[in-house]
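Inspection log for the structure reproduced underneath, given as structure tokens.
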Amino acid sequence: MWSFFHKLGSPPWLYRIAGSILSWLLPLTLVALAAGAVWGLLYTAPDFRQGNSYRIIYIHVPAAVVALAGYYVMAIAGGISLIWKMKMADVAMKSCAPVGAALTFIALVTGSIWGKPTWGTWWVWDARITSMLILLFLYLGVIALYEAYDNKDAAGKACAVLSLVGTVNIPIIYKSVDWWYSLHQPASIKFTGESSIDPSMLYPLLLMIGSFYALFTCALLMNMRLEILRREARTGWVRKLVGA
Amino acid sequence: MYFDSFHAALVMDGHGAFVWAAYAITAMVLIILLLTPVLRSRRLRRELAGEIRRREMTQTGREGPHASST
């Protein structure tokens, strides 16, 4: 167990293992995404109230769910790098930010497009949407803050603190539809009790949520590999890697 | 397939523009997300390889005993 943690802190090992995970996970993810999208777009019945516009759910909900989960990954990695000074945790935190920002952006844009035919408006300043926008700014804030420092140790610390403080926003996003009156509907899938969504719509949705988790993992690992190469550029193993 | 024809799937009873636009934008963002690290690491590796080659060339230019140890 301890040797595993020890290895996690080793850049060449992490670089290699991330590469071997990506070699099968990335193609699998792309196939699953394509299959889920085709299933949701063409092989499900329309919603009895919203008609065909509901098909956006198969990208909107997965993107939003994983954008939120990704924030936890970023904050936990930030916490680990802050407390135990693990360099690879700092790499993971930095690599999370662009992925989370992209997914939050997708959730906001698809939600906006979905809102037009359903609510009659592209945008409302309600609790769920506004807190999601804050999530986007938190992700972008981490990216910008990292670039703002010349001293990368200080940058890592500042970003870790920002991402930890930002976790306050996550339960607010989750609970926003219950706490405040909102146009946004509450969750249809529940872990406890009956889900209010038909199985024929639920299965492609679950496939897409799984695919988006896998996609997050792939993008995270790819960014981490790039960041490791950058930081280890002067070491022997990277020279051997690029020289070969 | 739920739709009767390709055209019906495109129009989706008037919602087609919204649905297809949402999927197209998502696909675009995801492609950028995945391509960026690939292109950047390719460039970085090329740069590093070039750096190593230059250093080797300057070292061989100076020849054996005179070569610096840096």
Side-chain angles (χ1 to χ4, degrees), chain A residues 26 29-30 33-34 37-38 40-46 50-56 58-60 62-63 95 98-99 101-103 105-107 109-118 212 215-216 218-230 233-234 238-244, chain B:
Chain A
L26 187 57
T29 304
L30 295 178
L33 271 176
V38 169
L41 275 170
L42 302 178
Y43 289 90
T44 52
Q50 297 186 11
N52 283 306
S53 69
Y54 100 95
R55 291 178 198 281
I56 294 174
Y58 299 112
I59 43 178
H60 175 74
S95 305
V99 189
L103 291 173
F105 177 78
I106 289 173
V109 169
T110 55
S112 175
I113 295 173
W114 194 0
K116 187 63 189 165
T118 314
F212 267 72
L215 179 93
F216 177 86
C218 287
L220 175 64
L221 289 177
M222 288 163 85
N223 283 338
M224 284 179 73
R225 269 164 65 93
L226 172 63
E227 187 62 23
I228 290 173
L229 266 192
R230 254 189 217 142
R234 303 276 165 262
V238 171
R239 281 192 199 177
K240 222 157 93 187
L241 189 81
V242 297
Chain B
M1 194 163 91
Y2 169 76
F3 297 99
D4 298 326
S5 65
F6 178 72
H7 185 253
L10 213 60
V11 175
M12 287 189 175
D13 302 323
H15 287 153
F18 297 106
V19 175
W20 289 106
Y23 276 78
I25 291 169
T26 302
M28 230 151 57
V29 173
L30 294 185
I31 287 168
I32 293 171
L33 181 70
L34 292 177
L35 266 186
T36 308
V38 171
L39 296 178
R40 281 193 182 162
S41 71
R42 200 174 284 173
R43 199 176 63 198
L44 180 66
R45 286 175 81 138
R46 215 173 28 233
E47 280 170 10
L48 290 177
E51 220 171 83
I52 291 168
R53 220 174 302 127
R54 270 196 302 281
R55 195 169 302 154
E56 275 169 358
M57 263 157 67
T58 53
Q59 270 176 2
T60 49
R62 283 186 211 144
E63 280 182 348
H66 304 293
S68 71
S69 56
T70 49

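Note on naming: letters A, B, ... go to the chains in the order of the sequence lines (proteins, then strands), and numbering restarts at 1 for each one.
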Self-check item: Taking every non-hydrogen atom, the tightest pair across A:Gly51 and B:His15
Solution: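 Between these two residues, the closest heavy atoms are C-ND1, 4.3 Å.
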Quiz item: Are there more than 12 heavy atoms of other residues, nucleotides or ligands under 6.0 Å from atom CZ of A:Phe105?
Solution: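 No.
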Practice problem: For B:Arg45, look at atom CZ and say whether over 12 heavy atoms of other residues, nucleotides or ligands are found less than 6.0 Å away. | Solution: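 It does: B:Arg45 CZ has more than 12 such atoms within range.
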Measuring heavy-atom distances to chain B, does [X] have an atom under 4.5 Å in its side chain, in its backbone, in both, or in neither?
X	result
A:Arg230	both
A:Val238	side chain
A:Ile106	side chain
A:Glu227	neither
A:Tyr58	both

Side chain proximity check, [X] to [Y], heavy atoms < 4.5 angstrom:
X	Y	value
B:Phe18	A:Asn52	no
B:Ile25	A:Thr110	no
B:Leu34	A:Leu30	yes

To the nearest 0.5 Å, how far apart are [atom1] in [X] and [atom2] in [Y]?
X	Y	atom1	atom2	answer
B:Thr26	A:Ile59	OG1	CD1	3.5 Å
B:Met12	A:Leu42	CE	CG	6.0 Å
A:Ile113	B:Tyr23	CD1	OH	11.5 Å
A:Phe216	B:Leu33	CZ	CG	10.0 Å

For chain B, which of [options] has the most heavy-atom pairs under 4.5 Å?
options	answer
A:Ser53, A:Ala102, A:Cys218	A:Ser53
A:Thr44, A:Val109, A:Leu33	A:Thr44
A:Pro46, A:Ala37, A:Ser112	A:Pro46
A:Ile56, A:Leu26, A:Val38	A:Ile56

Quiz item: So which part of B:Leu48 gets closer than 4.5 Å to some heavy atom of chain A, the side chain, the backbone, both or neither?
Solution: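 Looking at B:Leu48, backbone and side chain both touch chain A.
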Self-check item: Under 4.5 Å from any heavy atom of chain A - which part of B:Glu51
Solution: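 Only the side chain of B:Glu51 comes within 4.5 Å of chain A.
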